[in-house]
Engineer: 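I have a structure here, written as structure tokens, and I will follow up with some questions on it.
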Amino acid sequence: MSRKTLVTCGLPYANGPAHIGHLRTYIPADIFVRSLRKQGRDTVFVCGSDAHGTPIVINAEELGITPSELVEKYHDHFDQVFKSLDIIFDEFGSTESQTNHNRTIDIVNRLIDNDHVFLKSIELAYCPTCGRFLPDRYVEGTCPDCGATARGDECDQGCGKHLEPGEILEPVCKICRSKAEYRVQEHFFFRLSDFKDFLSDHLDKLEGTLNARNYALGWINNELNDWCITRNLEWGVRFPDHEELVVYVWVDAPIGYISFTEDWANRHGIDWKEYWMNPGGDTDIIHFIGGDIIYHHCIFWPAMLKGAGYTLPRAVVASGMVKIGDKTFSKSRGYVVWVNDDYLDKGFHPDLLRYYLASYTSHTKELNFSWKIFQEKVNNELVGTLGNFIYRTSLFAYKNFGAVPDGEIDPEVVKTIEDAKNSVIESFNEYEFKKGIDAAMSLASFGNSYFQSNEPWKSIKTDAPGAKKTIRNCLHIVKALAILFEPAMPKLASEAWRQLGMESDSELSNTPYDEVTVEIKAGQTLLKPSMLFTKIEDSKIAEMERSLDDRVLMATKKKHVSFEEFSELDIRIGTIVQAEPIKKSKKLLKLMVDLGETKARQIVAGIAETHNPDDLVGRQVAVLANMKPAKLFGVESRGMILAADHDGAILLSPERKVRAGTCVR
RNA sequence: AGCGGGGUGGGGUAGUCAGGACAUCCCGACGGGCUCAUAACCCGUAGACCGAUGGUUCAAAUCCAUCCCCCGCUACCA
């Protein structure tokens, strides 16, 4: 009896649509699952919506709907997107479900019973203006450790450390921007510090990608802070016996992995405990996640499972982030490619995106999305190499024979297919998706080469049996290609399979890898071949690039201002009378500027990288004189020097010398 | 300045954890071939002292140390 495998994907947060960054995790996970099944492994694949947490509450409030309605909307959206891309979960649930609530309560109770939870009074940020406690990401302030601006429950911009409520200094309410205050509250804590030795052990054995393990190992060398696991919120899973508290979203979210398995198992009359309450049993749990939630999956989650007596994951596979034009994805700045609006709705085939995302670079590396490279990969690799080989072979066979001709299968072909198969299996099993796809692609290259060197178009006129043999070999390779490419491109591989006259489409996904060694049946009727892959036109790519540019432009576009509003700005010409660097600062200069006032103004300007202080003295520049005074590097600045912003600062000067203090309008 | 991610032929990228013989693949350049195929495909040529320096080793892109540069976020770009 073979081992059972449970594969999970990090839960999409149900408060916004899917972008291609999400897919970096889900597509490889789906490839992995399909590949396991092709090896005959008993595999379950679950995922679901992350439904709780404050952002959903706030978002729903703004839309005038209930959190539940909002969650349902995006849950359906993700469900549709995943299906469109052939990412097929056995269960796609929601952490809002009753099963998840029950499971969460069970685990929390077990943690309490096992003495891993304690009560403590802490100070919590409370916004007097909004009239509510501000959990997590609605508090902004300073990280107590590194001094960077920290938001939410982690110092996301600075040291990356997880922060407890109340740790952030100088809290500000992010919703209304007013100053928050700390109030004392009683909350429950999970004693993570108890698990240090256990985690050290666990991480040693943890499989998956190195980025996940190394990141986590780095953490457990430091002090492990206990986690506050309750929040003052209405929306979420009620903490046992405490009506006013809800468990922290990072407690009930991963528990979704369990409850989704439960729901799936119950539907199929299977005991879910075989997967989750059977430590040391014959089940492997593998988590696919984005690189941004490694801490939660490698530290917090295993400790929780251990503390509650559940089965631990065997592997954590963390994907690299997706960027656009070297910029981090950002909705607000327009750097985003939506799966529906920008891809599927534009008529692109889902398999092309699957191929591109999985084969562009290593799974753990950053992927810089580019329409241009997407086009290159599709046109050269998919169309030029794979598509062309399949098409030239099928068409030649169909036109000349109408069926699979007879002829001996070449030992060289057998060997090459066997090697490709082994390489594909091994690579996918090691989460090396690019490597696996490249191995399959090199079989297509071999096919082209084989076709070319055997010249069946010549031999058919002089040596019919020779031509038949060549074509049967090529068709045999096509069959192997369909099988090997099915995990990465299920739809197109199935189409190739169908055109070969193999059994029905749906069966390709159940066809084991080993089928590649079974010789294609001579005499099998071939269907009229059609082109599987078509080139993407330059104009289409130009259109996509333009729409991305437009979005960035829209995002940075400023609103109209009235003349009155403009008049609020006091812009004047000033003469620089003194300039000196600010110590310890690379970019800043301290300037004294004559604005026609009795005393020169002290202004700090970020132009040190482009301008030499000595060259500035005597120059006239445009100055925003009523800029609110601020301290930079401890130096007061009372104004702002205006400059064109292009590869550094290009100062604005009047056409000819004017009196200092002359108004600009 | 802090944190994170990178520096491999003209562009992109593999290989770095487990060090080894001509450094991978895609594009681009150049030359040839072929015509079954989606001007495709096949063959060949040129092009990289693997960011720098030092170390470990019989052997380093790969391990160690130091440094430089680029990108992202943040900070002090007022």
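Per chain, numbering begins at 1; letters A, B, ... match sequence-line order.
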Engineer: Taking only side-chain nitrogens and oxygens of S362(A), does any of them come within less than 4.0 Å of OP1 or OP2 of G15(B)?
Structural biologist: yes
Engineer: Once side chain to side chain donor-acceptor pair (under 3.5 Å) is applied, do any residues pair with E545(A), and if so which ones, sequence neighbours excluded?
Structural biologist: none
Engineer: Apply side-chain hydrogen bond (donor to acceptor under 3.5 Å, both in side chains) to the pair E412(A) and Y450(A), showing each step before the final yes or no.
Structural biologist: CA-CA 10 Å; E412(A) 186 199 6; Y450(A) 185 87; over 6 Å; no
Engineer: Please name all residues satisfying side-chain contact (heavy atoms from CB on, under 4.5 Å) with Y391(A), sequence neighbours left out, ordered by chain then number.
Structural biologist: L395(A), P529(A), M531(A)
Engineer: Roughly, in whole Å, what's the span from CE in M531(A) to C1' in U38(B)?
Structural biologist: 5 Å
Engineer: So is the aromatic ring of Y360(A) stacked onto the base of U13(B), judging by whether the centres are under 5.5 Å apart and the planes are under 30° apart?
Structural biologist: no
Engineer: Is the phosphate of A14(B), meaning OP1 or OP2, less than 4.0 Å from a side-chain N or O of K365(A)?
Structural biologist: yes
Engineer: I'd like to check the side-chain contact (heavy atoms from CB on, under 4.5 Å) partners of T525(A); sequence neighbours left out, ordered by chain and number.
Structural biologist: none
Engineer: Apply side-chain hydrogen bond (donor to acceptor under 3.5 Å, both in side chains) to residues E568(A) and N626(A) and explain how you reach the verdict.
Structural biologist: CA-CA 9 Å; E568(A) 299 276 309; N626(A) 61 340; over 6 Å; no
Engineer: For atom C1', what is the distance between U57(B) and A48(B), given to the nearest Å?
Structural biologist: 24 Å
Engineer: Any residue in residues 385-394 of chain A with a heavy atom nearer than 4.0 angstrom to RNA chain B? Just list them by number, or reply none.
Structural biologist: T385(A), G387(A), N388(A), Y391(A), R392(A)
Engineer: Does F428(A) reach the side chain of K435(A), with side-chain heavy atoms less than 4.5 Å apart?
Structural biologist: no
Engineer: Let me check I have this right: for RNA chain B, each base becomes ., (, ), [, ] or |, based on Watson-Crick or G-U pairs with both distances under 3.5 Å. What is the full string?
Structural biologist: ((((((((.[[[..)....(....]]].(((((.......))))).....[[[[[..)....]]]]])))))))....
Engineer: Side chain of M640(A), heavy atoms from C-beta onward: which of G5(B), A78(B), C27(B) has the nearest atom to it?
Structural biologist: A78(B)
Engineer: When you compare G4(B) with G12(B), how far apart are their P atoms, in angstrom units rounded to a whole number?
Structural biologist: 25 Å
Engineer: Extract from the structure each pairing of a protein N or O with an N or O of nucleotides 33-35 of chain B at less than 3.5 Å, listing the distance.
Structural biologist:
unit_1: G33(B); atom_1: N2; unit_2: Q452(A); atom_2: NE2; d: 2.9

Engineer: Going by atom types only, do S319(A) and T25(A) share a side-chain donor-acceptor pair under 3.5 Å?
Structural biologist: yes
Engineer: Which residue, F533(A) or S445(A), contacts RNA chain B at a nucleotide closer to its 5' end, judged by nearest heavy atom?
Structural biologist: F533(A)
